[in-house]
S.K.: 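Have a look at this one.
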Amino acid sequence: MLNPSVELLDICLRVAAMGQIALLCLLFLRRPWRLAHLTLGWLAVCTAGYLSLTAPIADAHYGPLRGLLLVLTDSIAYALWLAVMLHFRDDFSPRRWPLALKGVLALYGLGFIYFFGVLQGIGWLHDANHLLSIALVAHIIIHLLNGMNDDLIDARRSLRVQATLIASVFFLYLACVELGPEFIRHHWLFSLSNAALVLFGVSTLSVALLLRPAQSNADELSNAAHPSGREAARQPNPLQVKLDAFLAQRGYTQTNLTIASLAHQLGCQEYQLRQLINRELGYRNFSDFLNRHRLPAAAEQLSSHRSPITTIALDLGYGSIGPFNRAFKAHFGCTPSDYRRQFQNRP
């Protein structure tokens with residue numbers, strides 16, 4: 001950097017961002033240690049490492065710490081992807097991954113640490129990691145946008161928008177670094193704007209998390225999706241009466257049924273229906289609400305009817321056999337074919 005004032009401003013922005021990251025880490029340390037919170041801590045440490053490594057400081061001044069900072073910087077996309085999956089996908093559970101997959105990931109992690117921490121990231125694998133990071137961030141953006149309409153938690157829907165914005169900015173940054181001319185990444189304006197954007201992203205996330213009630217953070221964002229059964233403990237309101245009548249008429253078998261189309265059929269606002277299904281009935285996303293009614297009906301038909309599985313899936317409102325198979329296995333622990341076979345083999 002040619003201008004010492006600009007260089008000082010750049011460093012101040014980075015220090016401010018790292019200060020907020022430290023406060024967030026202290027906040028999460030006071031809460032129960034869940035995998036989702038630990039992943040956010042990993043993401044925070046990676047971001048701090050990135051801010052340190054990309055500061056307007058000569059590489060020679062980092063000494064042996066440069067390898068560690070490279071490991072943290074180049075693993076940001078992995079930490080961000082895992083954090084988004086844990087917070088916004090209710091059926092995502094790394095604990096259920098096959099042992100072989102965990103072994104492969106462990107070996108990849110060791111190789112990653114060796115390449116960036118010991119070899120300083122010199123080689124074609126550095127560029128390959130950038131391309132993989134771009135793919136991961138693109139998947140994050142697609143997942144956040146696709147799940148927006150299905151999500152029933154208002155606070156989490158708002159956080160989706162903020163997370164999408166942060167991921168989009170990160171995607172553009174990776175594209176500039178990997179695909180853009182080399183002079184861009186070394187220009188003082190790119191470094192300064194980069195620091196400012198990180199500070200903005202950290203500040204946005206800090207406000208979103210700090211303003212949310214502790215119960216909302218602990219339960220709405222981290223727990224698995226399970227209906228609470230509270231519908232039996234309260235008197236139904238008029239909208240719930242309409243919804244019950246819709247379900248009694250097997251309206252859930254409509255193909256491509258969405259929260260918006262259901263609200264239109266019930267003559268209410270979408271947010272009112274979303275609050276009813278989430279707060280009163282205990283569902284976190286609309287697809288789980290539909291599956292709770294569709295899958296028992298599917299199990300009954302599989303045990304007593306000889307209709308093809310694809311026909312059963314389509315008749316119950318699934319657009320194709322794939323989503324039906326995944327939902328059925330997640331709910332019953334076996335495929336529809338295996339479930340039917342249990343009854344066929346009975347004497």
Side-chain angles (χ1 to χ4, degrees), residues 17 21 24 35-37 39-47 49-51 54 72-94 105 112 126-180 184-185 190 193-209 212 217 220-222 225 256 258-260 270 274 284-288 319 322-323 326:
I21 290 173
L24 283 176
L35 181 58
H37 291 161
T39 304
L40 284 178
W42 175 29
L43 178 59
V45 173
C46 289
T47 305
Y50 164 77
L51 288 169
T54 58
L72 295 175
T73 297
D74 284 271
S75 62
I76 286 182
Y78 303 94
L80 181 61
W81 181 86
L82 186 58
V84 168
M85 294 299 110
L86 286 169
H87 283 82
F88 295 101
R89 183 174 170 180
D90 292 323
D91 61 346
F92 183 82
S93 178
L105 292 177
F112 185 94
H126 199 163
D127 294 332
N129 183 71
H130 279 173
L131 293 176
L132 179 58
S133 297
I134 290 176
L136 287 174
V137 177
H139 179 259
I140 289 172
I141 297 172
I142 294 173
H143 175 76
L144 289 172
L145 293 176
N146 286 344
M148 181 69 71
N149 292 330
D150 192 53
D151 202 335
L152 297 175
I153 303 174
D154 290 335
R156 193 169 65 172
R157 285 169 55 84
S158 176
L159 194 58
R160 276 182 182 273
V161 176
Q162 298 165 8
T164 301
L165 176 61
I166 294 173
S168 300
V169 172
F170 186 39
F171 180 85
L172 292 175
Y173 163 75
L174 287 173
C176 288
V177 169
E178 181 62 25
L179 305 177
I184 292 181
R185 73 190 75 170
F190 179 78
S193 59
N194 191 17
L197 287 173
V198 172
L199 177 59
F200 172 77
V202 172
S203 300
T204 301
L205 184 61
S206 300
V207 171
L209 293 177
R212 291 168 57 83
N217 278 322
E220 288 187 356
L221 289 183
S222 301
N256 298 324
T258 64
I259 188 75
E270 183 178 338
R274 188 183 302 116
R284 292 162 61 89
N285 57 69
F286 188 64
S287 58
D288 279 346
R326 289 191 294 270

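The figures that follow rest on heavy atoms only: side chains count, while hydrogens, waters and symmetry mates do not.
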S.K.: Does some side-chain heavy atom of V161 sit less than 4.5 Å from a side-chain heavy atom of L165?
M.R.: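 Contact flag for L165/V161 side chains = no.
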S.K.: Could you check whether the rings of W81 and F92 sit parallel, tilted or perpendicular, using 30° and 60° as the cut-offs?
M.R.: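 W81 and F92: perpendicular rings.
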S.K.: Output the distance between atom CE (M85) and atom OG1 (T39), rounded to the nearest 0.5 Å.
M.R.: 12.0 Å
S.K.: To the nearest 0.5 Å, tell me how far L145 CG sits from T164 OG1.
M.R.: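 If I round to the nearest 0.5 Å, the distance is 5.0 Å.
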S.K.: Just to verify, what does S193 make a side chain to side chain contact (heavy atoms under 4.5 Å, CB included) with, not counting sequence neighbours?
M.R.: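 So S193 forms no side chain to side chain contact (heavy atoms under 4.5 Å, CB included) with any residue.
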S.K.: Using every non-hydrogen atom in the two residues, find where L72 and C46 come nearest and quote the distance to one decimal.
M.R.: O-CB, 3.4 Å
S.K.: Once you round to the nearest 0.5 Å, how far does OG1 of T73 lie from CG of L51?
M.R.: 8.5 Å
S.K.: Tell me, please, which residues at least two apart from R89 pass side-chain hydrogen bond (donor to acceptor under 3.5 Å, both in side chains).
M.R.: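 Checked R89 against side-chain hydrogen bond (donor to acceptor under 3.5 Å, both in side chains); matches are D91.
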S.K.: If you measure from CG on L40 to CG on L80, what distance do you get to the nearest 0.5 Å?
M.R.: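 If I round to the nearest 0.5 Å, the distance is 9.5 Å.
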S.K.: How about F200: does its CZ atom have over 12 heavy atoms from other parts shown lying under 6.0 Å from it?
M.R.: no
S.K.: Any chance you could measure D288, atom CG, to D90, atom CG, to the nearest 0.5 Å?
M.R.: 6.5 Å
S.K.: Name all residues meeting the side chain to side chain contact (heavy atoms under 4.5 Å, CB included) criterion together with S133; count only those two or more places apart in sequence or in a different chain, and write none if there are none.
M.R.: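 Listed in chain order: A77, N129, L174.
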S.K.: Tell me the side-chain hydrogen bond (donor to acceptor under 3.5 Å, both in side chains) pairs involving residues 141-153, sequence neighbours left out?
M.R.: D150-S287, D151-R156, D151-R160
S.K.: How many angstroms lie between atom CG of L82 and atom CG of L136, to the nearest 0.5 angstrom?
M.R.: 10.5 Å
S.K.: Give the minimum heavy-atom separation between P94 and L86, together with the two atoms involved.
M.R.: CD-CD2, 3.9 Å
S.K.: Locate the shortest heavy-atom distance separating G201 from I166; write the atom from each residue and the value.
M.R.: O-CD1, 3.7 Å
S.K.: Apply side chain to side chain contact (heavy atoms under 4.5 Å, CB included) to A260 and list each qualifying residue two or more places apart in sequence or on a separate chain.
M.R.: T258, E270
S.K.: Tell me the closest heavy-atom pair linking A17 and V202, and the distance in Å.
M.R.: O-CG1, 4.0 Å
S.K.: R157: what forms a side-chain hydrogen bond (donor to acceptor under 3.5 Å, both in side chains) with it, not counting sequence neighbours?
M.R.: none
